[in-house]
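Keep in mind that this is a model prediction, so the values were computed, not measured. To find a chain, count down the sequence lines: A is the first, B the second, and so on, and within it residues start at 1.
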2 protein chains.
Amino acid sequence: MTSTCYKYLVVTISRGDAFDPDCPTRVVLDRIGDKWTALVIGSLEDGPLRFSVLRARIGGVAPKVLTQTLRAMERDGLLTRTVHAQVPPRVDYELTPLGASLTGPIATLTDWAETHLGAILASRGDYDAAADAR
Amino acid sequence: MTSTCYKYLVVTISRGDAFDPDCPTRVVLDRIGDKWTALVIGSLEDGPLRFSVLRARIGGVAPKVLTQTLRAMERDGLLTRTVHAQVPPRVDYELTPLGASLTGPIATLTDWAETHLGAILASRGDYDAAADAR
DNA sequence: CGGGATCCATCGCGATACTG
DNA sequence: CAGTATCGCGATGGATCCCG
């Protein structure tokens, strides 16, 4: 961790305002840390999808919430929203280059998660067992 | 994104239960996506710190919330909590190898965030300006 | 000093119903 | 089809007070 951004994080920590809304890591974490954004990115990796298909692929997401997620991502320039003037309505969502480039960092996180999930789950088991014993 | 974990994500998506609590990416995202965990990891990178120092370094975090964060991280095996039997009490927190290894993926995310923050903020500005115009 | 206990504000998220 | 409107729950995070 030697990037300027990390320095920024350290600096903001020492300044006591690490939650400066312009802290890059915070901005990104607030976006992909929500419940559906990472899943949307994964679903759109192979190409554009329309609203209903996206909704079916992800499963279990309420229309309102999916709309919220997509709007936030559009606002951040992660995807484009294309309305086709026809009946019935058809709206396509497609990752921008910016959004597609986020798959890299997510993959890194995903690889780490896959490698270490066992350790995390085991640690949780131990911790809870020790707590129960008391 | 060709890891097994990503396949797992895709599979769980197609199964409609992508929020299976055992989805590795979800577990990790739920932890580092919270408000303070990433900051704690950054603060502990250079060595162990005691509670009060950690609290001062991060700034703006309530004792209760910091305790919650540290306990969750301890439960997941990301750090160790060492109570020194002395008066006044002294408790040290230190990253485990597992916790330290998380700095890699976080750095990747941080680098991406630093590189693209400008584009995100610009996109937000455009989006909001267009919305205001209406 | 390092919390535990309690109360509380906020907000993400979800279920349901309705519409251009 | 692709949303919007409304209602409301539950979890996170915070403020305050207290204790070993």
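If you take CG of B:D34 and C1' of C:dC11, they are 15 Å apart, rounded to a whole angstrom. Taking atom CD1 of A:I32 as the reference point, atom P of C:dG12 lies 17 Å away to the nearest angstrom. Atoms CG (B:D30) and C1' (D:dT12) sit 12 Å apart, rounded to a whole Å. Between B:M73 atom CE and D:dT12 atom P the separation is 16 Å, expressed in whole Å. Per the geometry, CG belonging to A:L66 stands 14 Å off C1' belonging to D:dT4, to the nearest Å. Between the CG atom of A:D92 and the C1' atom of D:dC1 there is a distance of 12 Å, given to the nearest Å. For the pair A:R55 CZ and D:dG3 C1', the computed distance is 10 Å after rounding to whole Å. D:dT6 atom P lies 15 Å from atom CD of A:Q68, rounded to whole Å.
Sorted by first and then second residue, the salt bridge (charged side-chain N to carboxylate O under 4.0 Å, His left out) pairs involving residues 60-77 of chain A (not counting sequence neighbours) are A:R31-A:D76, A:R75-B:D128, A:D76-B:R124.
Side-chain atoms of A:T108 and B:L109, non-hydrogen and from C-beta on, never get closer than 4.5 Å to each other. Using a 4.5 Å heavy-atom threshold, the side chains of A:L78 and A:V40 count as separate. Counting heavy atoms from C-beta on, the side chains of B:L49 and B:R57 come closer than 4.5 Å. Using a 4.5 Å heavy-atom cutoff, the side chains of A:I120 and B:L98 are in contact.
Remark: A:V65 pairs with A:W36, A:V61, A:A62, A:T69 by the side-chain contact (heavy atoms from CB on, under 4.5 Å) rule, at least two apart or across chains. Residues passing the side chain to side chain donor-acceptor pair (under 3.5 Å) test with A:T37 are A:D34, sequence neighbours excluded.
When the local axes at the two ends of the helix from C:dC1-D:dG20 to C:dG20-D:dC1 are compared, using 5 base pairs at each end, they differ in direction by 50° after rounding to 10°.
When every heavy atom of B:I32 is checked against every heavy atom of B:A38, the shortest pair comes out as O-CB, 4.3 Å.
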Listed pairs under 3.5 Å, donor-acceptor, residues 79-88 of chain A side chains, sequence neighbours left out:
| unit_1 | atom_1 | unit_2 | atom_2 | d |
| --- | --- | --- | --- | --- |
| A:T80 | OG1 | A:E94 | O | 3.4 |
| A:R81 | NE | A:Y93 | OH | 3.2 |
| A:H84 | NE2 | A:D92 | OD2 | 2.8 |

Pick out the pairs of N or O atoms, protein on one side and nucleotides 1-8 of chain C on the other, that lie under 3.5 Å.
| unit_1 | atom_1 | unit_2 | atom_2 | d |
| --- | --- | --- | --- | --- |
| C:dC1 | O3' | B:R50 | NH2 | 3.3 |
| C:dC1 | O3' | B:P89 | O | 3.4 |
| C:dG2 | OP1 | B:R50 | NE | 3.1 |
| C:dG2 | OP1 | B:R50 | NH2 | 3.3 |
| C:dG2 | OP2 | B:S52 | N | 3.1 |
| C:dG2 | OP2 | B:S52 | OG | 2.8 |
| C:dG3 | OP1 | B:R81 | NE | 3.4 |
| C:dG3 | OP1 | B:R81 | NH2 | 2.4 |
| C:dG3 | OP2 | B:Y93 | OH | 2.6 |
| C:dG4 | OP1 | B:R71 | NH2 | 2.9 |

